Number of protein chains: 2
Amino acid sequence: MSDNTPDSSVRERAPRRMRTDARRNIESLLEAAKTVFSTAGVDAPAKEITDLAGVGVGTLYRHFPQRSDLIKAVIEREIDACADAAPALAAAHEPGVALAKWLDRFTAFVATKRGFAAALHSGDPAYDGLPGYLMQKLGPALESLLEAATASREVQAQISAQDLLYAVAKLCAPMPNEEPDYGRRMVALLVEGLRSGSSPH
Amino acid sequence: MSDNTPDSSVRERAPRRMRTDARRNIESLLEAAKTVFSTAGVDAPAKEITDLAGVGVGTLYRHFPQRSDLIKAVIEREIDACADAAPALAAAHEPGVALAKWLDRFTAFVATKRGFAAALHSGDPAYDGLPGYLMQKLGPALESLLEAATASREVQAQISAQDLLYAVAKLCAPMPNEEPDYGRRMVALLVEGLRSGSSPH
DNA sequence: GGTTATACGGAAACCCTTTCCGGAACTATA
DNA sequence: TATAGTTCCGGAAAGGGTTTCCGTATAACC
């Protein structure tokens, strides 16, 4: 009752910022996981990751309570990187070229990171939020590129950003023993379909 | 040296045929696995499968030394069923209709069996042979349907059976929170691309 | 029926994920 | 800087699933 310290009882005290060692360990883990995943796949044992990160298993599981949380975090980081590439491309190239280059960037991401396709198709509900995250982060980027490109008459847009995003994500997902440029060919075919069918049937 | 029994030393004796209980157990296991996989996903514990099949774990692992072997076997069976559907459709319908109906059949297979997409994109080398098996079994079926359809001028073929097969397999693979007919729309768009682009650029 | 190769069942070994907790390290405050 | 109070760390142990192993049972062939 006699406690007049401002806010002490009404508002919880300002959360002290995360300890620097914790922040550093999270960073190390994400970096290590990215490396190990691309080397040995997303099913690599956790020990391999913690060893590379120079950290105990306990530390891994405090920050990423489920294995899938770590995988999700790594994938989301890479999605972010992809989104961040858009503004620079838009500034440096003609609209149509920027769009093409960004699609290449996205295609490379999907084709390279096996873990992404694996998570997406695993059926594990832990990854249900991934398409949403993809759309949320990459949708605006792609939309602005698409708009600029259509405005300058370089392409005719007949497909939503979401449809295109998902189609590329699926078509370019790596399959064993596949010709290297299969994904690109199919995407090109799809875009061809867009160009032609200017009149709906 | 004195052994003159025909063939006994030169040729190994004819292999005795597989024991009937073994054959029966394999059948039970495949049936049980199919059921459990579609109910609880391909990651369901092996015990569930052996219980349903009325068999010990040892039996499962003798016939399918790796878990992936069982999954592969179940998927290959379903691919076979898909291939077997083609002749009947071809006999019962106009070429164009038969092609459409068979593509529907295949689409349903891909969309329904999560395990298929999961295996294909898992990155596990155990499944590297799956696309080959798919092509080997379904390629001829699709080709003959495609040929009949093109011959009767109902479609213009500008895509190889393999490309089409793989595109459908990828586009129709289920993704979380996806509109129900996304896959079909994209496949339609792809086919639209084929119709239009009669002249290569 | 007797002999032999083959298959069965389930306990144990193994490997990986996840939990737990005593002790160490960091932050805030004086 | 010293102290108190959190927060975080490390690795041992628990939990759960796959895979191996081997004594026993049974089908195939003579």
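Reminder, nothing fancy here: chain letters follow the sequence lines and each chain counts from 1. Reckoned from all heavy atoms, side chains included, excluding hydrogens, waters and symmetry mates. Treat the numbers as computed from the prediction; the structure is a model and nothing was measured.
Under the 4.5 Å side-chain criterion, counting only non-hydrogen atoms from C-beta, B:L171 is not in contact with A:M186. Side-chain contact check for B:L130 versus B:K72: some heavy-atom pair is nearer than 4.5 Å. Residues B:E76 and B:K137 form no side-chain contact, since every pair of their non-hydrogen atoms from C-beta on lies 4.5 Å or further apart.
Taking atom CZ on B:R19 and atom P on C:dT4, their separation rounds to 16 Å, with Å as the unit. Look at CZ on A:R23: it is 11 Å from P on C:dT27, rounded to the nearest Å. Atom pair A:R24:CZ and C:dA24:C1' shows a separation of 14 Å (rounding to whole Å applied). Rounded to an integer number of Å, the gap from B:L29 CG to D:dT18 P is 14 Å. With rounding to whole Å, A:D21 atom CG is found 10 Å from C:dA25 atom P.
Legend: residues meeting side-chain contact (heavy atoms from CB on, under 4.5 Å) with A:A81, ordered by chain and number and at least two apart, are A:R105.
Using a 4.0 Å cut-off, some side-chain N or O of A:H63 falls inside it from OP1 or OP2 of D:dC9. Put simply, B:R17 has a side-chain N or O that comes within less than 4.0 Å of OP1 or OP2 on D:dC29.
Below 30°, between 30° and 60°, or above 60°: for B:F116 and B:F109 the angle between ring planes is between 30° and 60°, a tilted geometry.
If you check the side chains of B:D69 and B:Y61, you find no donor sitting under 3.5 Å from an acceptor.
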Handout entry: Protein-to-nucleotide contact annotation, 5' to 3' order, nucleotides 9-19 of chain C [B base; S sugar-phosphate only; - none; under 4.0 Å, heavy atom]
Key = BB-----SSBB
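Of the candidate nucleotides D:dT6, C:dC8, D:dC8, D:dT6 has the atom lying nearest to any side-chain atom of A:R16.
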